[in-house]
Amino acid sequence: MSSFDEMDAFEGASLSSRAMAARPQPYLDGLNPAQREAVEKLEGPVLMLAGAGTGKTRALTARIVHLLNTGTARPNEILAVTFTNKAAREMKNRVGQMLGQQVEGMPWLGTFHAICVKLLRRHAELVGLKSNFTILDTDDQLRLLKQLVAAENIDDKRWPARMLSGIIDGWKNRALTPEKVPAADAGLYNHRGTEIYDHYQQRLKELNAVDFGDLLLHMVTIFQTHADVLEQYQRWFRYILVDEYQDTNVAQYLWLRLLAQGHKNVCCVGDDDQSIYGWRGAEVGNILRFETDFPGAHVVRLEQNYRSTPHILAAASGVIAGNEGRLGKTLWTEATEGEKVRLIGHWDGEEEARWIGDEIEAMQRGTRGMDPMSLDDMAILVRASHQMRAFEDRFLTIGLPYRVIGGPRFYERMEIRDAMAYFRVVTSPDDDLAFERIVNTPKRGLGDKAQQKIQVTARQNGVNLVEGARILLADGGLSGKGAAQLRLLIDGIDRWNSQLRGPRIEVVQDDDLIDDEQGPVRMAYAPPEISHVELAQVILDESGYTGHWQNDKTPEAPGRLENLKELVKALEQFENLQGFLEHVSLIMDNEQEGEGEKVSIMTLHAAKGLEFPGVFLPGWEDGLFPSQRSMDESGIKGLEEERRLAYVGITRAEQVCTISFAGNRMIFGQWQSAMPSRFIDELPEEHVEVLTPPGLYGGGYGAAMPKSNLHEAAAEANVYNSPGWRRLQARAGERGMSQPKETRNMTIDLNAVSSFVMGERVFHQKFGYGSIIGIEGDKLEVDFEKAGIKNVVSRFLTGCDDVPF
DNA sequence: ACCGTGTATGTTTTT
DNA sequence: CATACACGGT
């Protein structure tokens, strides 16, 4: 491996440049002592315990810049790992900014997965893969497992493939190959778990494919079994940085520890109080154990908060104090007092949404001496995504612009996945899963029976499905319409494939690690006749896929065509289809920055790392938050994770934090009443102001609450032991399940100022097609074909050319 | 082969 | 309530 000899040769160079140091260090200005310590302590293991809003990203980037600026390390000798692409991108940008120039390359700054792909492409053969392996997403993974489960004659009802995929992911998170699964887990999935896991891994190898978990797992395996490979990277990565260390799982931990054992210059940044991904395999233990794992570790605590007001900070600290076994930090701030955390209870979820909508509009105008706040500066953070609906419905009705963060991701949409499957089949004909997906999409009259024939033929001849189909056709094993259609498809694939840059991949031993943006695999092709962007369009058109959606009359069809257009447009930024596919398989960018100010709605999980001047935290009811399921499944550990989630939520707020709960909520079509969250008890009373909900007789609960009072028990009394709350409870009981809906006796005003008329057929972005059955000012009542009757503001509707009925 | 109706079953999510 | 899947009819 000549590449590594050359890499090593650079070490001398960097050492000599270190001596010349003494360059200006503007990036150190304005750092507080703790941050500065974290930046300057370059050698040896460092744990940077960074509380929420304490400027950890700044410290982390300054540290990278410091490494570069002092000549301690060259850009390509620094391994910097993050969890999300967003974090990686931000770090890259900020390093560039701080450095005052564009770094030629930080090839090893990226997510765990992206870096592992790069490494695994170099060493794929060590785990029986070719370096052009494909990366399956969760959907492909599940379909593959379903096939295996079906082949084993397992009752999919009692033992759903979904469950198995969860189990296998769990094993991979713990870096367990099939042989290493502990005996204790043997009983899982009806005692067949390990067995099918093994089959699954074999099948992946046959398909020359990996799933997300494999990226880490394979690299750990390689490092553990090939000392020479490990040593080379240990030598090469002289400085290692890890962001969000509290979120690492066992596999990631092992991977890091193996690599860090070289120079032992590893700097992990994290906050044990923000560990909220335990359910997905993250081990808080990793960060708690850091000092034992890395002897001589230097621990730096970042405790000065630059984000929130003292009241908000105190409230958050009060809640998180309920957790045991923390590393412990005391956040403080120099900020002026500001607003107390506001707490308000509501009758039901609908009212909560209504109140929050009104409050947002009020804050936007500027209320009670507070400056007006932009909608962009406000966010609603919910525990579970189904809570979003109430807000969406309400905001659509009142015409409040909002954006949902972390909704269905662009690349997870059906049409995008279909289109990409076409691209995959064309770029790598061995991708059987992709072929299966598109063979009968659009409908080609190739049902289960025909597809099975293709499978059998392929298997008998030991070839991929495209070839199998070809042989089947040649043998005349298929007849009628299906045969002709399949012929067309196969011819299409051949044609598109030839229009691609070329069919063969050449592995280049690439020793240039610096501008290694495309990885070591280089394509050696003749120049293409048409660009990959045009080719993509051709594939979609000639395959009939575009036509399929053009003929589709469902309300979603126009949006899907729009998405396909976007997809083709996105291709322009890539050199070729392969590069694009790799990008999409690892990246889930969903930045649909619409025009104008919008309130953000997202889950608490999605909010980690973000901050907003105004934050609303609705749904603080026991069972919803903390979630009953978390507590049932993981007991105290689960509750503690929920509590950290509460901590994350509160600490997102800079100026105003409003917590709310509803006494009644429609869940799974049934009205249920709940007690306010136990976390509400844990809010320190002196930092909380209890607001009075409107429309509650006699001021309701909390209204007359003595502010600075006395007994802690009073804090409880304010909220749910108050007469008002009891009254609510009692009434909820009386009414039972039949909570009356808002009575609909709208005045239908035909003279209303609106460009719409009764009975007109309209289209709505979210609800699809419908007809107007009521008009009141600019508020319209629309009977949607799919979504039923909704009240919508007119500007969310567009008329259709269709004949009104 | 495809479409419709019926029933079961409902966190959190990145890569 | 609403969606996702399985089943049975055309």
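Quick note: numbers below take in every heavy atom, side chains included, and nothing from hydrogens, waters or symmetry partners. Order of the sequence lines sets the chain letters (A, B, ...), proteins ahead of strands, with each chain counted from 1.
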What's the [atom1]-[atom2] distance between [X] and [N], to the nearest Å?
| X | N | atom1 | atom2 | value |
| --- | --- | --- | --- | --- |
| Phe112(A) | dT13(B) | CZ | C1' | 16 Å |
| Asn85(A) | dT13(B) | CG | P | 17 Å |
| Gln485(A) | dA1(B) | CD | P | 13 Å |
| His113(A) | dT14(B) | NE2 | P | 11 Å |
| Leu381(A) | dT13(B) | CG | P | 12 Å |
| Asp139(A) | dA4(C) | CG | P | 12 Å |
| Arg162(A) | dT13(B) | CZ | P | 13 Å |
| Leu215(A) | dT14(B) | CG | P | 16 Å |

Test: Arg394(A) and Glu350(A) ion pair at under 4.0 Å:
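So Arg394(A) does not pair with Glu350(A) through a salt bridge.
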Which listed nucleotide (dC5(C), dA1(B), dT14(B)) is nearest to the side chain of Arg280(A)?
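Between dC5(C), dA1(B), dT14(B), the one nearest the side chain of Arg280(A) would be dT14(B).
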Proximity to the side chain of Asn440(A) - top-ranked nucleotide from dA1(B), dT14(B), dC2(B)
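Minimum distance to the Asn440(A) side chain belongs to dC2(B).
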Should Arg389(A) be listed as having a side-chain N or O under 4.0 Å from OP1 or OP2 of dA2(C)?
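Affirmative; the distance criterion is met.
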Between Asn249(A) and dT14(B), is there a contact of a side-chain N or O with OP1 or OP2 at under 4.0 Å?
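For Asn249(A), the contact criterion (side-chain N or O under 4.0 Å from OP1 or OP2 of dT14(B)) is not met.
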If the condition is ring pair (Phe, Tyr, Trp, His ring centres under 6.0 Å), which residues does Phe625(A) pass it with, not counting sequence neighbours?
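Testing Phe625(A) for ring pair (Phe, Tyr, Trp, His ring centres under 6.0 Å), a comparison that skips the adjacent residues, returns Trp620(A), Phe679(A).
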Would you tabulate the nitrogen or oxygen pairs shorter than 3.5 Å linking the protein to nucleotides 6-12 of chain B?
{"unit_1": "dT11(B)", "atom_1": "O4", "unit_2": "Ser630(A)", "atom_2": "N", "d": "3.4"}
{"unit_1": "dT11(B)", "atom_1": "O4", "unit_2": "Ser630(A)", "atom_2": "OG", "d": "3.4"}
{"unit_1": "dT12(B)", "atom_1": "OP1", "unit_2": "Ser385(A)", "atom_2": "N", "d": "2.9"}
{"unit_1": "dT12(B)", "atom_1": "OP1", "unit_2": "Ser385(A)", "atom_2": "OG", "d": "2.5"}
{"unit_1": "dT12(B)", "atom_1": "O4'", "unit_2": "Arg383(A)", "atom_2": "NH2", "d": "3.3"}
{"unit_1": "dT12(B)", "atom_1": "O2", "unit_2": "Trp279(A)", "atom_2": "NE1", "d": "3.4"}
{"unit_1": "dT12(B)", "atom_1": "O2", "unit_2": "Arg383(A)", "atom_2": "NH2", "d": "2.4"}

Taking atom types as modelled, find out whether [X] and [Y] have a side-chain donor-acceptor pair closer than 3.5 angstrom.
| X | Y | answer |
| --- | --- | --- |
| Gln141(A) | Lys146(A) | no |
| Asp214(A) | Gln201(A) | yes |
| Asn323(A) | Asp273(A) | no |

Distances for protein N/O vs nucleotides 8-10 of chain C N/O pairs under 3.5 angstrom?
none

For dT12(B), measure the glycosidic angle (O4'-C1'-N9-C4 for a purine, O4'-C1'-N1-C2 for a pyrimidine) and name it syn if it falls within 90° of 0, otherwise anti.
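It is anti.
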To the nearest 0.5 Å, tell me how far Tyr197(A) OH sits from Asp169(A) CG.
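So the OH of Tyr197(A) and the CG of Asp169(A) are separated by 9.5 Å.
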To the nearest 0.5 Å, what is the distance between CG on Leu645(A) and OH on Tyr277(A)?
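One finds 9.0 Å between CG of Leu645(A) and OH of Tyr277(A).
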Tell me whether the centres of the aromatic rings in His583(A) and Phe574(A) are closer together than 6.0 Å.
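Judged by ring-centre distance (under 6.0 Å), His583(A) and Phe574(A) do meet the cut-off.
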His605(A) ring center within less than 6.0 Å of Trp279(A) ring center
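When the ring centroids of Trp279(A) and His605(A) are compared, they turn out to be within the sub-6.0 Å range.
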Gly447(A) or Met602(A): which one's nearest nucleotide on DNA chain B is closer to the 5' end?
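The 5'-side residue here is Gly447(A).
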Determine the contact category for Asp247(A): base if any of its heavy atoms lies under 4.0 Å from a base atom, sugar-phosphate if only primed atoms, P, OP1 or OP2 are that close, otherwise nothing.
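Result for Asp247(A) = nothing.
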